[in-house]
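The structure appears right after this line, and notes come after that.
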Amino acid sequence: MSGRPGPSEVDDRGRANLDSAAEDKYRKLIFFMPTALWQVDSRAAGEAFGRLRAEGITDIAAYLDAHPDLVEFAKDTVLVTEVNREAVALFHGHGPADMIRPVRYLFAATPDMAKRVMVAHFGGWRNYTEEARILTFDGQMRDVVFSVTYPTPPEQQDTTFITISDITDRLHTEAQLRQIQADYAHSARISTLGEMATSIAHEVKQPLAAIVTNGETALHWLSRDELNVAKVRQLTTRIVESAHHASDIIQRIRLMAMRGEPERVTLDLKAVTAEALSFVRHDIESKKIALSIDVPQSLPSVSGDRVQLQQVMVNLLLNSIQAIDQVGAADRHIRIAIRAEDGDLVAFSIRDSGPGIADADLDRLFESFFTTKKTGMGIGLAICRSIVMAHGGSIAGSNNPAGGAHFRFALPIARSEEPS
Ligand SMILES: Nc1ncnc2c1ncn2[C@@H]1O[C@H](COP(=O)(O)OP(=O)(O)O)[C@@H](O)[C@H]1O
Ligand SMILES: [Mg+2]
């Protein structure tokens with residue numbers, strides 16, 4: 001045999017060279033990828049899972065709840081084997097060497113997440129993603145999206161990938177936008193309160209007048225020789241009720257005037273409608289407008305800001321009242337309907353017997369400062385749209401075939417976990 005390598009040896013060595021060149025290329029590619037990436041050797045967790053399966057454990061979440069030490073053990077034995085440049089930058093590390101160690105540091109700000117990552121791994125998921133927080137090496141909290149990709153057979157069972165993307169700035173911008181939207185809605189509410197002043201004054205005057213009447217009647221009964229305790233008790237009860245009623249109204253006005261943090265609670269649109277109507281009821285009655293409300297017995301809840309949604313309804317109601325008043329026709333009505341709709345929506349619609357909307361104006365209704373009224377501000381509908389959109393909904397205006405305008409907004413129904 002000569003000393004020269006046989007053809008098969010050449011092939012193998014050639015392939016080995018090729019493989020390592022390819023691997024080199026991929027490592028470079030991964031290192032410079034603009035996404036923070038961790039390669040993790042999760043064999044320690046895999047082995048522990050194997051033992052648990054052999055013991056017949058199936059509900060891993062319950063098991064880890066009962067044995068938190070296993071989660072802690074995993075944080076110290078599952079190892080980061082490689083990181084890229086972006087990962088080092090995200091954690092404000094000095095270099096990859098800082099980061100190649102047990103995964104515990106990844107969970108410093110969201111310790112519970114380690115358990116959920118393990119549950120998904122045990123369950124044979126392909127990916128697990130969660131919005132979480134991380135703590136950088138110099139002690140800063142960052143909001144992130146944390147994603148894990150698990151190996152599935154026949155892939156190498158020891159390699160798990162983690163990517164983390166920083167969403168701190170995005171969340172901050174979103175919060176600022178929400179605040180601007182809320183401020184805008186608040187300024188508009190203040191101006192609407194002006195439009196509703198007469199109606200509101202009347203709304204508060206009613207219970208106050210009832211208190212005076214019942215108080216006078218009670219005094220009258222008390223001045224009789226024969227004391228009728230039952231009668232006086234009844235009158236006093238009415239006084240207390242009216243006082244509560246007046247205080248509720250004032251509270252509602254106060255909320256309208258306040259500049260609160262926008263909230264997301266579970267709401268029944270039927271109740272919100274009733275509250276909105278209390279602001280304009282007097283206007284509707286004094287202008288001799290017939291109001292009908294068509295609401296089904298049961299309605300899914302929506303999630304939103306109570307005061308802002310009242311504001312949307314009040315704006316739509318005021319527009320309808322003003323439109324009807326403008327024509328002075330004999331038929332004066334507003335019809336409100338609330339419906340659950342396909343696609344998990346609840347829709348609120350309002351039709352009126354006003355003159356309707358000129359075709360040329362239909363596209364501009366929701367623009368800020370678009371108005372056809374002499375004293376109009378033109379922000380009512382713009383606010384409606386901004387609020388409805390911030391709630392993940394949509395709003396549209398059109399003409400009724402039978403005459404008059406028709407406005408409709410739809411909101412997604414609430415997911416069950418929101419507080420009520
Ligand atoms: N119910 C309605 N009927 C007819 N036109 C309407 C109705 N609602 C709104 N509009 C039209 O849309 C315009 C913008 O409404 P809005 O944004 O509330 O501002 P403003 O009420 O101050 O004019 C109104 O000026 C009017 O032309
Ligand atoms: Mg208006």
Side-chain angles (χ1 to χ4, degrees), residues 180-200 256-257 272-273 275-294 307-338 347-391 393-410:
I180 290 169
Q181 190 270 335
D183 290 349
Y184 179 48
H186 173 250
S187 332
R189 260 195 329 267
I190 298 292
S191 85
T192 317
L193 279 175
E195 280 183 72
M196 299 186 300
T198 326
S199 216
I200 289 171
M256 273 270 177
V272 181
T273 308
E275 288 154 4
L277 280 169
S278 73
F279 286 106
V280 293
R281 185 167 27 222
H282 174 73
D283 231 8
I284 291 176
E285 282 166 10
S286 69
K287 297 199 160 90
K288 309 224 167 354
I289 297 170
L291 174 72
S292 73
I293 303 171
D294 177 6
V307 174
Q308 290 198 0
L309 292 178
Q310 279 174 23
Q311 182 180 2
V312 172
M313 295 173 183
V314 165
N315 285 351
L316 296 176
L317 280 159
L318 284 174
N319 279 346
S320 285
I321 295 167
Q322 288 160 2
I324 294 167
D325 214 33
Q326 196 184 318
V327 284
D331 177 20
R332 301 161 76 82
H333 68 257
I334 293 176
R335 300 206 169 104
I336 291 175
I338 309 179
F348 173 101
S349 78
I350 175 168
R351 295 179 168 79
D352 61 54
S353 60
I357 304 149
D359 283 344
D361 296 342
L362 276 170
D363 290 340
R364 309 189 53 200
L365 291 176
F366 295 96
E367 281 174 20
S368 294
F369 309 116
F370 173 76
T371 182
T372 56
K373 299 168 194 169
K374 259 197 233 104
T375 57
M377 291 256 285
I379 55 168
L381 289 177
I383 288 289
C384 287
R385 185 171 65 172
S386 135
I387 292 174
V388 169
M389 283 175 52
H391 282 76
S394 61
I395 184 166
S398 59
N399 282 311
N400 245 343
H406 175 199
F407 283 84
R408 171 187 177 281
F409 71 86

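Note that ligands are numbered from 1 as they come in the structure, with each ligand's atoms numbered from 1 the same way. Given the structure is predicted, the values throughout are model-derived calculations rather than measurements.
Looking only at protein heavy atoms, the nearest one to atom 23 (O) of ligand 1 is T371 OG1, 2.5 Å. For atom 18 (O) of ligand 1, the nearest protein heavy atom (residue, atom name, distance) is N319 ND2, 2.8 Å. Closest to atom 7 (C) of ligand 1 among all protein heavy atoms lies F407 CE1, 3.7 Å. Nearest to atom 21 (O) of ligand 1 among the protein's heavy atoms is K373 NZ, 2.7 Å. In terms of protein heavy atoms, atom 19 (O) of ligand 1 is closest to G378 CA, 3.2 Å. Of the protein's non-hydrogen atoms, L381 N, 2.8 Å is the one closest to atom 17 (O) of ligand 1. Scanning the protein heavy atoms around atom 14 (C) of ligand 1, the nearest turns out to be F370 O, 3.2 Å.
Atoms of ligand 1 lying under 4.0 Å from any heavy atom of G376, numbered from 1 in the order shown and given with element: 22 (O). The distance from ligand 1 to the heavy atoms of D352 drops below 4.0 Å at these ligand atoms: 1 (N), 2 (C). For ligand 1 and I357, the ligand atoms under 4.0 Å from any heavy atom of the residue are 4 (C), 5 (N). Listed by atom number, the atoms of ligand 1 under 4.0 Å from L365 heavy atoms are 11 (C), 12 (O). For ligand 1, the atoms sitting less than 4.0 Å from at least one non-hydrogen atom of M377 are 22 (O), numbered in the order shown with element in parentheses. Within ligand 1, counting atoms from 1 as listed, the ones closer than 4.0 Å to a heavy atom of A405 are 1 (N), 2 (C), 3 (N). Listed by number with element, the atoms of ligand 1 under 4.0 angstrom from any heavy atom of T372 are 24 (C), 25 (O), 26 (C), 27 (O).
Between the side chain of R351 and the backbone N or O of R335, no donor-acceptor pair lies under 3.5 Å.
One distance of note links CD1 of I383 with CD of Q181; it measures 7.5 Å at 0.5 Å rounding. Separation of atoms CD1 (I324) and NE2 (H333) is listed at 7.0 Å; rounding is to 0.5 Å. Taking CZ of R408 as the start and CD1 of I395 as the end, the distance is 10.0 Å to the nearest 0.5 Å. Here CD1 of I321 is found 10.0 Å from CG of D352. Values are rounded to the nearest 0.5 Å.
Contacts between F366 and ligand 1 below 4.0 angstrom, taking non-hydrogen atoms only, are absent altogether.
Using cut-offs of 30° and 60° for the angle between ring planes, the F409 and F348 rings count as parallel.
The shortest side-chain heavy-atom distance between I357 and F407 falls under the 4.5 Å cut-off. Put simply, the side chain of L277 reaches to within 4.5 Å of the side chain of L291, judged on heavy atoms. Within the 4.5 Å cutoff, side-chain heavy atoms of K373 are placed close to those of N319.
Checking S320, S353, G354, G356 against atom 4 (C) of ligand 1, the nearest heavy atom belongs to G356.
At least one N, O or S atom of N319, from either the backbone or the side chain, sits less than 2.8 Å from the Mg ion (ligand 2).
Counting all heavy atoms, side chain and backbone alike, A382 lies closest to Y184 at CB-OH, 3.6 Å. Considering every non-hydrogen atom in both D283 and S199, the closest pair reads N-OG, 3.2 Å.
Inclusion of A323 in the set of residues having an N or O under 3.5 Å from an N or O of ligand 1 is not warranted.
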